[in-house]
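Worth knowing before you read on, the calculation uses all heavy atoms, side chains too, and leaves out hydrogens, waters and symmetry mates. Naming convention: chains lettered A, B, ... in sequence-line order (proteins, then strands); numbering from 1 in each chain.
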Amino acid sequence: MLDVLITGVASGLLYGLLGFAIVVLYRMTRIANFAEGSLATLGAALVWDLVSRHGVPLGIAVPVSIAALGVFGGIVHWVVMRASDGAGQLNLTVRTLGLYLLLFSLTDKWLGEGQPFTFPRIFPVRSITLGPLHVAESSLAVAGIAVVLAAGFLALFKWTHSGLLLRGIASDRDTARLLGANVRWLESLAWVLAAAVAAVVGILTAPTTLVSSDMMDSSLLYVFAGVVIGGLTSLGGAFVGGITVGLVQGAAYYYGNADLSLLSVFALFLATLLVRPHGLFGQRAQERL
Amino acid sequence: MKHRLWIAALCATGLSITACTAKTPAGNADPGASSAGVTATTITLGTSNALTGPVAAVCLPTSAGASAWFQHVNADGGVNGRKIQDTVLDDGYQAPRAAANLRTFQSDNVFALFGGCGTITAAVIANAVKGTGLPYLFPYAALPALVHPAQPNVYALLPLYNDQARSLVPYVLHRYGRGSVYAVTSEIPGYQADVDGVMAGTSAGGGAFSGSALLPSVNAPAQQAALKVGAAHPDYAMLTVLAPDAARLLNAMAAAGTVPRKAVLGVSVLASEAFASALTPSVAALLRTASPTVPPSDARAAECLAALRQYSPGTTPDALALYGCAAAQVFVAALKAAGAQPTRAKLEAALNAIHNAQASPLLPPVSFSAADHMGLHSMFLLTLHDGRFTAAGTLPITALG
């Protein structure tokens, strides 16, 4: 039972990390970024390409790829997502769908024939055994990295100038602008963070899923389910929602089967929407008349 | 004159364009043509295969192997002076794309559909060619609909997964010792029959069936599945799953310390060097798979390996590439037997006449008949040592029929 819980939490933390990036962007721009999974795939594909095709050591390829994805996120914001006059939220959200399809096709073309590919090992293939309990060290490592990153982001948002400005824009964009915050620049920063986090998630996921252009497709459904359950406007809720989804998915599969796993997660998703439309920790939408 | 006018009117309506242009059965005016897709100098084939997508690593080599052998045959002058032209279109292991590829081949009027790979896509094509007369030959797919019941124009070489499991499990239980067997299957058409095959094989071998797990067809939850298998503490795990999912599952089992005690058994799709290279060494050493062909390390593979080196040097010469080459060799043998003026009907007659023949050096003896369109009735048992497969015996296949 405990090993199922730990594995579920490790999966859930990865969902939570990706969900966190989606929530950061949503709070800043009111756009649900459907391309987040494609950015994660791109990060993993870049590491694989550098290591397997160009012989770059893994220890260099990983930070280079995370940094490159961050820069790419900034470029995406300035080239694709900057709202021109008259472009509403729906327009921008649809652009993320277009970006998802574009990145999928480009990654598919880039990786080429013979997918999926083996990803270089990041963690040793060992398990910790305590009586009947078997836990892969990689699961514990993934969980540890996710917790450290989550704590890092918490510190960033709580104690740094940029983090406070980001929170300010997320709370009240117009007031923050009137007070002199450079909204464009901070939105770019949010895209940089979102893309870099996506790369981390892709790199941590790839040893298990192997590298292919569709490696994040099934995960993205669970990520969005976690975000909606936790609350689309709550940074902490993204993690709670992700872990909830990971636990339900894992336990339902372990004690039931694959169909029950999918059914349970989306039953929970629908129930949350019915009972708490703003999610467990999200803010109720208020509009002034 | 009136008669000519009547004919001209018919032509003008465009309703009988083929009749009015006085074409041969091949759909062109070539005097050397004997059938659709056949000219005096060429025979055209169509292949829908997963060149990209979740099973591309497994499927891609099958086309490369076939193409290499066709080029080898063409370089030697072709079959009765005709070069074999095989057009390969990517279906990404997606049913709609396979259906679209089929429509393209039908409009191109190919002589036959050859090869391809993947159960989901083969199911679409097998259903669509029913009653069309268009031959559909030797896809790398263990699909019951290909052979049960036998369709006049559909032929298979790869024994069904449930038959492979039903035969492999008792063989291994006898050879490596009795024990408990756990079945893991992919959510592909006919998966329940695969579980039934494992249960029947376990019973026949005197083992104990300890449960089963079903993986979604793509991107299965490997870590949870590894824990589920491990909870049953089986001596053997019998995998009838897609190769990428098997790699994910077995690596997750190695990481979680839930590897079966005696062996991991696999159907033919796991007899791939690309798959094996993705495995953790501790679990790779336990792998025992069924394979329709000898492994690349076997001397009988030399001719195909030479063709691969010459015409497809980028292809890893694994069991899947050898299957493609072997299927091409069986097709060429049947085409030669169909005579100097081949037609689809003559090809089918030639195939039905193959009985216990060594149609390819890579395969066990091949037999077809009008009532049985499954060509192989035995396979090879492969084991993995230092990343290379070796043949460890011949496995008779018990088919339900």
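In summary, the aromatic rings of A:Y15 and A:Y222 are positioned with their centroids under 6.0 Å apart. The aromatic ring centroids of A:F119 and A:W48 lie 6.0 Å or more from each other.
Counting heavy atoms from C-beta on, the side chains of B:S180 and B:Y236 never come closer than 4.5 Å. Using a 4.5 Å cut-off on side-chain heavy atoms (C-beta onward), B:L239 and B:Y161 make no contact. Between B:L89 and B:T87 the shortest side-chain heavy-atom distance falls below 4.5 Å.
Checking B:T104, B:T121, B:D91 one by one against B:S48, the side-chain hydrogen bond (donor to acceptor under 3.5 Å, both in side chains) holds for a single residue, B:D91.
Here salt bridge (Lys or Arg N to Asp or Glu O under 4.0 Å) pairs that include residues 238-247 of chain A, with residues two or more places apart or in two chains, number zero. Pairs engaging residues 32-46 of chain A under the side chain to side chain donor-acceptor pair (under 3.5 Å) rule: A:N33-A:E36 [sequence neighbours left out].
Contacts from residues 257-264 of chain B to chain A, taken as heavy-atom pairs separated by less than 4.5 Å, involve B:G257, B:T258 in sequence order. Residues of residues 251-272 of chain A having a heavy atom under 4.5 Å from any heavy atom of chain B, listed by number: A:Y253, A:Y254, A:G256, A:N257, A:A258, A:D259.
With a 4.5 Å cut-off on non-hydrogen atoms, B:A243 does not touch chain A at all. Of the atoms belonging to B:A252, not a single heavy atom falls under 4.5 Å from chain A. Both the backbone and the side chain of A:T208 come within less than 4.5 Å of a heavy atom of chain B. At a 4.5 Å heavy-atom cutoff, the contact between B:L60 and chain A is made by side-chain atoms alone.
With 3.5 Å as the limit, one finds no donor-acceptor pair spanning the side chains of B:T47 and B:N49.
Considering all non-hydrogen atoms of both residues, B:T289 and B:L287 come closest at CG2-CG, 3.6 Å.
Rounding to the nearest 0.5 angstrom, the gap separating the CE atom in A:M215 from the OG1 atom in A:T205 is 5.5 Å.
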> Hey, mind stepping through A:R121 and B:T280 against side chain to side chain donor-acceptor pair (under 3.5 Å) and telling me if it holds?
Replying inline: CA-CA 10 Å; A:R121 287 209 177 91; B:T280 304; 3.3 Å; yes

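When the candidates B:A231, B:A225, B:A213 are compared by the number of heavy-atom contacts under 4.5 Å with chain A, B:A225 comes out ahead.
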